[in-house]
There are 2 protein chains.
Amino acid sequence: MVRITGKRISESTIHRLSLYYRLLKVLQDEGYETVSSKDLADREKLTPAQVRKDLSFFGQFGTRGLGYPVTELRQQIAEIIGINKKWNVALVGIGNVGSALVSYKEFQKQGFHIKLIFDNDQRKIGSFHKGIEVHDVVNLRQMLNKYNIEIVIVAVPGAAAQGVVNEVVAAGVNAILSFAPTNLRVPSHVTLRSENMAIEMEHLTFHLTNENLYYTA
Amino acid sequence: MVRITGKRISESTIHRLSLYYRLLKVLQDEGYETVSSKDLADREKLTPAQVRKDLSFFGQFGTRGLGYPVTELRQQIAEIIGINKKWNVALVGIGNVGSALVSYKEFQKQGFHIKLIFDNDQRKIGSFHKGIEVHDVVNLRQMLNKYNIEIVIVAVPGAAAQGVVNEVVAAGVNAILSFAPTNLRVPSHVTLRSENMAIEMEHLTFHLTNENLYYTA
DNA sequence: CCTAACTTGTGAAGTTGTTCACAATTTAAA
DNA sequence: TTTAAATTGTGAACAACTTCACAAGTTAGG
Ligand SMILES: NC(=O)c1ccc[n+]([C@@H]2O[C@H](COP(=O)([O-])OP(=O)(O)OC[C@H]3O[C@@H](n4cnc5c(N)ncnc54)[C@H](O)[C@@H]3O)[C@@H](O)[C@H]2O)c1
Ligand SMILES: NC(=O)c1ccc[n+]([C@@H]2O[C@H](COP(=O)([O-])OP(=O)(O)OC[C@H]3O[C@@H](n4cnc5c(N)ncnc54)[C@H](O)[C@@H]3O)[C@@H](O)[C@H]2O)c1
């Protein structure tokens, strides 16, 4: 769907870039200076061709006969993914999931800065979480603009999620991560990703239920 | 990968079955008795052919000229996915994520029963969460067996996750949902799904970073 | 009972994503 | 400096997944 210099980049490729990025950190820590597509592939259970093809969409990063420079490639992937910078994030819904997120240190380390928190519960509005004040969700649209929020995380009950998403879209924010177990609609210029635990669990139960039928003719 | 009566079922199809299942609930609540593949497709932004093909892997559920019976199809999909029964679940790691999960009511409603909780923190072992005692993780393997646990949710720090997963696999549990942001290895007969929020965020940043390059030739 | 309007189920065609295979390049050793 | 081994980058082949297109079956209205 996405094109860079005329090539289509699939979501699978984007996903694997994240995997490579993490793996390169491990290789860095293990002291490697270069790594071959075969090594990368073996550790991620992919094929070397897949690794080379993925990277080739974005440029030529390797040296024939030698492989890829670990530190440099990691930096390049960071730039491609867009995690070489800080991002302004807002959180809507400070319940169980929202609270877990706010206290998740890795998140901040990765460059995701939660600048604003919103809720519609009067008992929560005005309270502080890790130094961040909880605002009334009625001010959502206006504050997202004012604080230049680029990414919104939606952690409200399913029934409230679409309404929140609509406001977020209206505010001009183009990236949303939702934890609600409901189907959400956004215009095509907005990227929406969902963490839907129920669906993940259902993949598991499907396999448990049908494993006895694998490969039956 | 999975085959049922000779046909390969892709993970994408399994995923869409979960979507149909949820959508059919909505349609049920809205009072529909039958629904066409076109209606289902429109609501999920899919094609009618996709819907019919997905269902066709598992049997013939519709009536030509009329569509699919909503309640019956929902029940059939529940059976296919394996959510027409209760599942015994164990949770390892009762930190921020684990606690959110234990108090998540939808989870229990869906038929996922958290029977056991494990941790390695002496201050947590012996305490109770929603009536469930926290056990020492050293007893993991033995207790998973004893309580016939079918699915394990891993919510421990990344560094501890592979060790926990190894124990879970050794106990004979074949389905694992992990929240750790690390690459985990399991034998091919074990199904592992990961909720990796960092990777979802990186999909967002990729799109934000590269949207200006969409469709540039 | 006949016809027009629908809608499924599915083989075939089309599209997207993955793997193959090899020329091109680099390294290292003799 | 030559040669053998390693490894990238990529067009072409292949495989997987999605959409098309239509025969077959159903419904409803006259
Ligand atoms: N708790 C879990 O383990 C878990 C797991 C998977 C998915 N989820 C999903 O994540 C979402 C959040 O779950 P949770 O357990 O944190 O719920 P929660 O009830 O603990 O928290 C939801 C928060 O959203 C606030 N809220 C409700 N409506 C709002 C609105 N219109 N605008 C702003 N804030 C609003 C509530 O006041 C509350 O603080 C839900 O959609 C849930 O289904 C939760
Ligand atoms: N908090 C979040 O919002 C969030 C978001 C995304 C991913 N994650 C990931 O989810 C996992 C859990 O995160 P968290 O925030 O709940 O962490 P946490 O530190 O709050 O909880 C981890 C729990 O695991 C226990 N533990 C550690 N080692 C263990 C072992 N070997 N066996 C059994 N228990 C052990 C700890 O005692 C603690 O209770 C981590 O991998 C984290 O990276 C968390």
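Every chain is numbered from 1 and lettered A, B, ... according to where its sequence line falls, protein lines coming before strand lines.
Within the structure, every side-chain polar atom (N or O) of A/Thr47 is placed at least 4.0 Å from both OP1 and OP2 of C/dT18. For the OP1/OP2 pair of D/dT10 and a distance below 4.0 Å, the side-chain nitrogens and oxygens of A/Gln60 include at least one atom meeting the criterion. The phosphate of D/dT26 (OP1 or OP2) has no side-chain N or O of B/Thr63 nearer than 4.0 angstrom. Note on B/Tyr68: every side-chain N or O is 4.0 Å or more away from OP1 and OP2 of D/dT26.
As rounded to whole Å, 12 Å separates atom P of D/dG9 from atom CG of A/Leu40. Here C/dG17 presents its P atom at 17 Å from CG of A/Leu55, a figure rounded to the nearest Å. Going from atom CG of B/Leu46 over to atom C1' of D/dC17 covers 13 Å, rounded to whole Å. Regarding B/Gln50, its CD atom lies at a distance of 16 Å from the P atom of C/dT15, rounded to whole Å. The distance from atom CZ of A/Phe58 to atom C1' of D/dG9 is 15 Å, rounded to the nearest whole Å. Following rounding to the nearest Å, A/Phe57 (CZ) and C/dT16 (P) show an atom-to-atom distance of 13 Å. Rounded to an integer number of Å, the gap from CD1 of A/Ile9 to C1' of C/dT18 is 15 Å. Rounded to whole angstrom, the span from the CZ atom of A/Arg8 across to the P atom of D/dT18 amounts to 17 Å.
At the heavy-atom level, B/Thr13 lies nowhere under 4.0 Å from the strands shown. Note on A/Lys53: a base of the nucleic acid sits closer than 4.0 angstrom, heavy atoms only.
Side chain to side chain, A/Glu44 and B/Asn183 meet the donor-acceptor criterion of an N or O pair below 3.5 Å. Side-chain atoms of A/Glu200 and A/Asn196 include no donor-acceptor pair closer than 3.5 Å. A donor and an acceptor atom, one from each side chain of B/Glu11 and A/His207, are located under 3.5 Å apart. For the residue pair B/Tyr20 and B/Asp54, a side-chain donor N or O sits within less than 3.5 Å of a side-chain acceptor on the partner.
Among C/dA24, C/dT19, C/dT10, the nucleotide with an atom closest to any side-chain atom of A/Arg64 is C/dA24. Distances were taken from every side-chain heavy atom of B/Arg52 (C-beta onward) to each of C/dC22, C/dT8, D/dT26; the shortest belongs to C/dT8. Checking D/dT8, D/dT18, C/dG17 against every side-chain atom of B/Arg16, the shortest atom distance belongs to D/dT18.
If you find the closest nucleotide of DNA chain C to A/Leu66 and to B/Leu66, the one lying nearer the 5' end belongs to B/Leu66.
Aromatic rings from B/Phe107 and B/Phe112 are positioned such that their centres are separated by under 6.0 Å.
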